[in-house]
Amino acid sequence: MENKISNRVTLKKKNKIFWIDDDNKRETAAINLSYQLKLNYLFRNFRNKNFLGDLHDYLKEAKNCQLIVIDHRLDKIKDKDIINGPSVAEIFRQKLPGLPIISITAIDIVNIDTHAKNVYDEIISGSRIGENTLKIAALVKGYQKIRRRIPKNERQLLKILNSPKADDDMLISIIPDVIKMGKITRESIKKISDWIRKVLMAKPGFLIDKLWAATYCGIKFDSFSKIELKFKEDIYDGVFSNKTDIRWWKSKLISKIFVLNPTYKSIYPWEAARVFQEINKNDFSLCGYCNQEYPEIVGFTDNEAKTPIQLHQHCSIPHPKFEKSLFFEEIRIIKD
Ligand SMILES: [Zn+2]
């Protein structure tokens, strides 16, 4: 119970979650999530009902909600041959483009196809809703923010990212076309959200996660907590940011390393950061392939790119499943 309370977050408007399911048991999850998010909820159970029959009413109900939650499978509804989680999501996305949609699933997320993945904002395992509360809250808040004032040009987008000046020109050059071309509609909200959440925040480049941050500091993942506070101002606090999955602006973190160690002569941040007094030899990072010092990158050990480790550039090769994109780190895999 204690844990639940500490996870609660404040969303400004008291409003509702619209939950679509075919299993009454899931209502407990809806109650828990609504409690955590401080939102009310509408739970609609379609077991043995035709979903499409009353669609008009559901859309009306969902209109004033802040979040749509859909059971991915929906195999106990009457019209299950023509309707499933992704198609329900598509209908809601088309009619209510300003609302975030998450899917709750009991099956392994890896087994969900790309089309379905793209129609949802987020897919969350039914047993892991609690640990994703802050992420869901950040999604709801982010959509609220963008909905209130959809960024119509590059400057307005940079403003909601609160990006460092040093990065602005590069960011502008890769901003999604809907913004560049000024063709902003309510449908653009998902595109803008996808770009921020699934490109900018997900791919290391402008923003980096804790393992990358530790690597740039020349230390192990667990040792980063010793010096993490030094980089407090370099944390990404723009739209969709969330405290359980922190990102740092790479450019700010690296320049901070040199600012804090002005006398250190190396041009490499992973050398310069090791002179922090909190850091000792046991904290130094080692390459996961050759076990030598100064791994400069984070690469993966596996084909699915699920297990990241610190590696030397020369102890890794480009990951066959990923293409290099401008201004982002190349995704690499450990050598055989
Ligand atoms: Zn190595």
Side-chain angles (χ1 to χ4, degrees), residues 17-23 26 29 33 51 62 66-75 77 80-143 146 174 176-178 186-205 207 209 239-242 244-245 247 300 302-308 319-325 328-329 331 333:
I17 300 166
F18 192 78
W19 192 301
I20 298 164
D21 217 307
D22 59 1
D23 185 351
R26 279 274 174 75
L33 184 64
F51 176 79
Q66 299 290 302
L67 171 69
I68 313 280
V69 180
I70 301 172
D71 174 29
H72 177 66
R73 195 166 344 213
L74 292 179
D75 54 358
I77 59 174
K80 64 170 188 286
D81 294 337
I82 44 170
I83 282 289
N84 56 22
S87 56
V88 170
E90 256 174 308
I91 295 168
F92 276 82
R93 181 74 71 198
Q94 204 188 4
K95 300 287 181 189
L96 304 168
L99 292 182
I101 301 176
I102 62 172
S103 162
I104 301 295
T105 177
I107 60 172
D108 195 341
I109 292 169
V110 180
N111 297 326
I112 296 178
D113 68 62
T114 314
H115 169 75
K117 274 184 186 153
N118 287 337
V119 68
Y120 304 125
D121 289 285
E122 200 68 59
I123 302 172
I124 291 170
S125 157
S127 57
R128 310 184 81 162
I129 302 172
E131 63 199 78
N132 283 289
T133 307
L134 288 178
K135 197 176 183 180
I136 299 169
L139 176 72
V140 174
K141 278 198 223 175
Y143 260 83
I146 298 177
I174 56 158
D177 284 347
V178 282
R186 281 179 83 79
E187 282 73 31
S188 313
I189 295 175
K190 169 77 164 42
K191 288 184 181 139
I192 294 168
S193 154
D194 276 355
W195 183 73
I196 298 171
R197 299 176 67 250
K198 297 178 182 176
V199 179
L200 192 63
M201 293 175 75
K203 297 182 180 178
L207 297 174
D209 65 9
V239 68
F240 298 119
S241 59
N242 110 61
T244 52
D245 193 14
R247 294 286 179 276
F300 292 94
D302 60 317
N303 269 324
E304 298 308 318
K306 283 215 173 285
T307 314
H319 198 299
K321 285 196 178 165
F322 297 88
E323 279 174 31
K324 170 101 182 82
S325 42
F328 289 91
E329 303 283 353
I331 309 295
I333 185 167

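Scored by the side chain to side chain contact (heavy atoms under 4.5 Å, CB included) test, Ala202 finds no partners at all (sequence neighbours excluded). Residues satisfying the side-chain hydrogen bond (donor to acceptor under 3.5 Å, both in side chains) criterion with Lys324, sequence neighbours excluded, are absent altogether. The ring-ring contact (aromatic ring centres under 6.0 Å, His included) search around Tyr120 returns His72, not counting sequence neighbours. The salt bridge (Lys or Arg N to Asp or Glu O under 4.0 Å) search around Lys198 returns Asp194, not counting sequence neighbours. Ser241 meets the side chain to side chain contact (heavy atoms under 4.5 Å, CB included) test with Tyr236; sequence neighbours excluded. Under the side-chain hydrogen bond (donor to acceptor under 3.5 Å, both in side chains) criterion, Asp23 pairs with no residue, sequence neighbours left out. By the salt bridge (Lys or Arg N to Asp or Glu O under 4.0 Å) test, Lys321 pairs with Glu304, sequence neighbours left out. Partners of Asp113 under the side chain to side chain contact (heavy atoms under 4.5 Å, CB included) rule, at least two apart in sequence or in another chain, are His115, Ala116. Legend: residues meeting side chain to side chain contact (heavy atoms under 4.5 Å, CB included) with Lys80, ordered by chain and number and at least two apart, are Asp75, Ile77. Every side-chain hydrogen bond (donor to acceptor under 3.5 Å, both in side chains) that Ser127 has, sequence neighbours left out, goes to Ser125. For Asp245, the side-chain hydrogen bond (donor to acceptor under 3.5 Å, both in side chains) partners are Arg247, not counting sequence neighbours.
Side-chain contact between Phe51 and Leu74: absent, with no pair of heavy atoms (C-beta onward) separated by less than 4.5 Å. At a threshold of 4.5 Å between non-hydrogen side-chain atoms, the residues Ile331 and Phe300 count as touching. Residues Ile82 and Ser87 have side chains not in contact (no heavy-atom distance under 4.5 Å, counting atoms from C-beta outward). Contact annotation: the side chain of Ile102 approaches that of Leu67 to within less than 4.5 Å [non-hydrogen atoms, C-beta and beyond]. Annotation: side chain of Thr244 is not in contact with side chain of Asn132 (no heavy-atom distance under 4.5 Å). Looking at heavy atoms from C-beta onward, Ile174 lies out of side-chain contact with Val199 at the 4.5 angstrom threshold. Inter-residue side-chain proximity for Ile91 and Ile83 is flagged as met; some heavy-atom pair is nearer than 4.5 Å.
For the salt bridge (charged side-chain N to carboxylate O under 4.0 Å, His left out) condition, the pairs that include at least one residue of residues 120-129, sequence neighbours left out, are Arg93-Asp121, Glu122-Lys135, Glu122-Arg197, Arg128-Glu131.
Between Phe240 and Tyr143, the two ring planes are perpendicular [angle over 60°; tilted spans 30° to 60°].
Note that CZ of Phe328 is 8.0 Å distant from CG of Leu207, once rounded to the nearest 0.5 Å. Remark: Thr105 OG1 to Ile112 CD1 distance equals 4.5 Å, nearest 0.5 Å. Note that the CG atom of Asp71 and the CG atom of Asp22 stand 5.0 Å from one another [nearest 0.5 Å]. The line from CG of Leu99 to CG of Leu139 is 10.5 Å long, rounded to the nearest 0.5 Å. To the nearest 0.5 Å, atom OG of residue Ser103 and atom CD1 of residue Ile20 are 10.5 Å apart. Distance check: Arg186 CZ to Leu96 CG gives 8.5 Å after rounding to the nearest 0.5 Å.
When Asp209, Ile196, Val239 are each tested for a side-chain contact (heavy atoms from CB on, under 4.5 Å) with Met201, only one passes: Ile196.
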Apply side chain to side chain contact (heavy atoms under 4.5 Å, CB included) to Ile101 and Val119, showing your working.
CA-CA 8 Å; Ile101 301 176; Val119 68; over 6 Å; no
